[in-house]
Structures are given as structure tokens and as C-alpha cells.
2 protein chains.
Amino acid sequence: MSHTLGIRQAQKQKTRQALLDAALQLLEEQSLSSLGLREVTRAVGVAPTAFYRHFRDMADLGVALVEEALDSLHTTLVALLAATGDGKDDGEERIAATVELIVAYVRTHPAHVRFIAREQHGGVQAVRSAIGDQLALFAQEVKDQFAGEPDSAGWDEDDLLMLARMYVDHMVMTASSLLEAAPGTEQRVAVGARRQLRLLSLGRHHWLDER
Amino acid sequence: MSHTLGIRQAQKQKTRQALLDAALQLLEEQSLSSLGLREVTRAVGVAPTAFYRHFRDMADLGVALVEEALDSLHTTLVALLAATGDGKDDGEERIAATVELIVAYVRTHPAHVRFIAREQHGGVQAVRSAIGDQLALFAQEVKDQFAGEPDSAGWDEDDLLMLARMYVDHMVMTASSLLEAAPGTEQRVAVGARRQLRLLSLGRHHWLDER
DNA sequence: CCATGCAGTTAACAACTGTTCTCCGAGATT
DNA sequence: AATCTCGGAGAACAGTTGTTAACTGCATGG
């Protein structure tokens with residue numbers, strides 16, 4: 001594969017990406033259901049009708065944005081699981097590394113984070129369920145990771161998934177909190193996030209105590 | 001006070017409420033930043049210009065909706081704290097009662113729940129911070145409740161607030177999940193919510209273990 | 001080298017938006 | 001009874017929206 005796809009399709013994907021970028025930027029101050037097709041094409045410097053060469057409508061573009069955003073997040077998640085998955089380091093180190101990775105991600109992909117947080121419960125059905133599906137998939141991966149750890153011996157399948165979901169949800173929530181935090185306040189948010197992870201970790205360790 | 005406010009102001013508040021109700025209903029399928037002034041007045045059956053007699057713009061109406069929605073939620077929260085606050089019942093009963101109250105609230109105020117979940121991270125700044133402030137206030141109340149319980153002996157102030165925030169966030173998240181759950185699936189969501197609360201409760205009990 | 005495919009353009013459309021100004025009529029005030 | 005107040009109606013405005021149709025020019029594959 002990959003025979004340096006012709007100058008033709010290259011240009012197409014270039015403007016397509018320009019549309020996605022422009023939309024993502026415009027979405028910092030509004031939500032998808034109020035973002036107009038013309039608004040996006042105007043920002044790119046292209047005729048309104050050119051939009052239809054790439055997307056059926058704005059909802060379609062929204063779904064494409066979900067894929068782009070959650071793909072980059074997925075990369076981060078894999079890195080996170082790989083870095084903290086050896087089971088050697090005890091809880092505290094693992095927690096610190098996790099939060100630090102989230103902080104770094106938010107710093108490098110703020111617009112993506114805002115988009116996911118906003119449209120997760122937003123007004124466009126197709127986008128909402130696209131995000132929901134992807135996050136459920138993330139939870140599955142986290143669960144699989146957990147399943148291989150000694151701490152999870154004797155755990156129910158459903159309980160493991162529930163735990164994984166809590167971690168994923170907490171990850172998204174923390175990222176969103178970091179975004180809205182006043183400049184300079186990010187460290188406070190990070191401290192809070194570590195404390196919350198510590199609580200979850202404690203709950204996990206004592207889950208099977210009284211059984 | 002309250003001398004049966006004249007038939008004049010009565011009519012005014014009546015149409016004002018009609019505007020709020022219509023907006024809340026229209027918001028089930030879109031988000032606030034895309035909801036138009038004319039759309040709302042049309043649904044009520046009133047001239048577009050009448051809108052300005054009650055709200056400066058849609059953002060202003062949004063803030064009013066926040067107050068209405070979170071006021072009803074606050075009532076539920078107080079009931080929740082009162083019902084589970086005697087400290088007598090052990091964790092499991094308390095958890096079941098909490099989840100059941102959330103389920104009941106979602107069933108009776110679905111539109112309010114959807115609105116809060118959607119606009120919490122939505123595109124209208126004023127509404128976002130209005131919701132944030134109210135939820136922070138809820139967390140304070142929960143914290144005060146926790147502070148009076150024996151389980152919280154020796155707890156740091158910040159840690160208590162962090163715990164309270166986790167409970168409030170979990171409450172909102174559970175309510176939102178119940179909304180999006182396929183009909184008949186609510187019971188599954190409720191079971192998951194109970195498990196999550198159990199985990200939080202376990203974390204809480206062992207918070208001071210290794211200090 | 002030429003015919004075809006196709007990303008992007010131009011022009012036009014009916015529909016809709018927020019906002020202003022002017023007016024009306026009925027409740028409130030004296 | 002006369003006057004004032006003010007919630008709401010009506011008409012008009014400049015701007016914007018999504019979508020259509022027919023076009024242009026260039027990379028592409030035979």
C-alpha cells in the first residue's frame with residue numbers, strides 16, 4: 001500500500017483536514033449543533049459548496065472529529081497502560097504518572113479535549129453515540145489491562161468493567177477540569193485528581209474484604 | 001409580603017414560565033447555543049419581541065433555566081441528606097436509598113437532567129459557570145454533612161471536599177446515564193451506580209489506614 | 001495526447017435569524 | 001374618572017443560513 005497517493009487526492013485530504021481544523025477551532029466558543037456549514041468554509045477560505053465534497057452535513061463532520069480526537073486520546077491511553085502496567089511500581093507512583101500524562105495531553109490537545117467533553121452530552125445524536133462507543137471501547141482496554149494484574153484476582157467480570165469505566169470517566173472529567181481551570185490553577189486540579197485516584201485505588205484494594 | 005401579586009404581574013410570570021418550559025422542551029434535541037429566540041416564542045404562541053420583556057437574550061434564559069433546574073435538584077439533595085444522614089444505617093442501605101432517589105428524580109425531571117448534563121460543558125459561558133457554581137455549592141453541603149459523621153474523624157478539610165465533589169459528580173453522571181439508557185435498561189445502570197458508590201465508600205473507610 | 005473524472009467555483013433561491021421602532025389596550029395609580 | 005405603565009403585537013430591516021444547479025480547470029488513466 002501507500003504509493004504516495006497522487007497530488008489529486010493529496011489536495012483533497014488537505015482541504016478536508018483544513019475543514020476539520022477550522023471547525024475544531026470554531027467549536028471552542030460554541031457547540032456543534034450551532035456551528036454552521038458556511039461558517040466553517042468561510043474560515044478555511046473555500047466556497048460553501050465545497051463542503052459537500054467531504055461531508056454530508058455538519059453531523060457527519062462531527063463524527064469525523066470524534067474519530068480524530070479519540071484516536072489521539074487512544075494513543076495516549078495505550079502509552080499510559082504501557083508505562084504503568086508492569087505492576088512493579090506501587091500505587092502512588094502509578095497515580096502520579098497517570099495524572100502527569102493527562103496534564104501533558106490537555107496541554108498539547110486542548111481543542112480535542114474541549115470537543116469531547118462538550119459533545120459527549122451534546123445536542124447531536126450521532127456524535128454523542130460515536131463518543132459513547134469509543135469510550136466504552138477504552139473501558140474495555142483498561143479492563144483487559146486490569147485483568148492481568150495480581151490485584152484483580154478473584155474479581156467479577158462486571159466489577160472489573162465497572163472499575164475501568166470509573167477510571168475512564170475520571171480521566172475525561174479531569175481533562176475537562178484542567179481545561180476550565182484558571183491559568184496557574186492547573187496544579188491544584190492535578191493534586192485533586194491524584195487524591196481522587198488514590199481513593200479509587202483504596203476502594204479497589206479492599207473490594208473483596210468482606211466477602 | 002405576598003399580597004396576591006396583581007393580575008398584571010401574574011400574567012407576566014405566566015408567559016415567562018411558558019417561555020422557560022418551551023425552551024426546556026426544545027432543548028431535548030439540540031443545545032442552548034443553537035436554540036433561537038424566535039423558535040421559543042413561536043412554540044409559546046407569542047410575538048418574538050415579547051421575549052425581550054423577560055430576558056435579555058438566550059444566554060439569560062439559559063441562566064434562569066439553571067436556577068430552576070438546580071433548585072429542584074437541590075430539594076432532592078436535601079431530602080437525600082436528611083434521609084441517609086442519621087448515621088445509623090450502614091453503607092449498603094444508604095447506597096440503595098441514594099440510587100433510588102436519583103432514579104426517581106430522573107423519572108420526574110428528565111428534561112432538567114438533560115439540560116444540566118448537556119450545558120455543564122456546553123457552548124454558553126454564562127450558563128456553564130452558573131452550573132459550576134451551583135454544583136460547587138452542592139459539594140459544600142455534602143461536605144458539611146460528611147463532616148458531622150463519625151467516619152470523617154481525622155479527615156483533612158480538602159480531602160472531605162474532594163470526596164463530596166466525587167459524590168456530586170457521580171450523582172450527575174448517574175442521572176445522565178439513566179437518561180440515555182435504553183428503555184428497560186435503567187435497572188442495569190442502577191446496579192452499576194450502586195457498585196460504584198460501594199467502591200467510593202470502601203475508599204473512604206480506608207482513607208486513613210496507612211497514615 | 002486526449003477524453004474523462006472530479007475538487008472547487010459562481011450565482012441564485014427561499015427561509016430564517018436577532019433587533020429596532022411604533023403602536024395598542026388593559027391593568028394600575030391617583 | 002383621567003392618567004400613566006407596561007406586556008405584548010405588528011411590520012420592517014439587513015444578514016445569515018442550507019441547498020440547488022450549472023460551470024471551470026486541472027490531474028489522471030487509457
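Letters A, B, ... are given to chains in the order of the sequence lines, protein chains preceding strands, and every chain is numbered from 1.
In summary, contact between chain B and DNA chain C, defined as any nucleotide atom under 4.0 Å from a heavy atom of the protein, begins and ends at C/dT17 to C/dA28 in the 5' to 3' direction.
Taking atom CZ of residue A/R56 and atom P of nucleotide D/dT19, one finds them 12 Å apart after rounding to whole Å. In this structure, the CZ atom of B/F55 is 15 Å from the C1' atom of D/dG8, given to the nearest Å. Rounding to whole angstrom units, NE2 of residue A/H54 and P of D/dG18 are separated by 16 Å. D/dT16 atom P lies 18 Å from atom CE of A/M58, rounded to whole Å. Remark: P of D/dG8 and CG of B/L37 are 14 Å apart, rounded to the nearest angstrom.
Smallest separation of non-hydrogen atoms from B/P110 and B/L179: O-CD1, 3.6 Å. Taking every heavy atom of both residues into account, B/E28 and B/A111 meet most closely at OE2-CB, 3.8 Å.
Among the protein residues, A/R42 comes within range of the sugar-phosphate backbone only, with heavy atoms under 4.0 Å from sugar or phosphate atoms but none that close to a base. In this structure, B/A50 reaches the sugar-phosphate backbone alone: every heavy-atom distance under 4.0 Å involves primed, P, OP1 or OP2 atoms, never a base.
Proximity of B/T15 to the phosphate of D/dG8: a side-chain N or O atom is located under 4.0 Å from OP1 or OP2.
Inter-residue side-chain proximity for A/F146 and A/R204 is flagged as met; some heavy-atom pair is nearer than 4.5 Å. Inter-residue side-chain proximity for B/T84 and B/Q145 is flagged as unmet; no heavy-atom pair is nearer than 4.5 Å.
Listed for the A/E186 side chain is a donor-acceptor partner under 3.5 Å among the backbone atoms of A/G184. Without hydrogens or angle criteria, A/E119 side chain to A/V127 main chain gives no donor-acceptor distance under 3.5 Å. Counting only distance, with no hydrogens or angles, the side chain of A/S152 and the backbone of A/G148 share no donor-acceptor pair below 3.5 Å.
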Base versus backbone protein contacts along nucleotides 22-28 of chain D [heavy-atom cut-off under 4.0 Å; B, S, -]
---B-BS

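Note: B/F51 and B/F55 have tilted aromatic rings, judged against thresholds of 30 and 60 degrees for the angle between ring planes.
Residue order along DNA chain C, read from the 5' end via each residue's closest nucleotide, puts A/G45 first among A/G45 and A/R38.
No donor-acceptor contact under 3.5 angstrom links the side chains of A/R118 and A/S176, judged on distance only.
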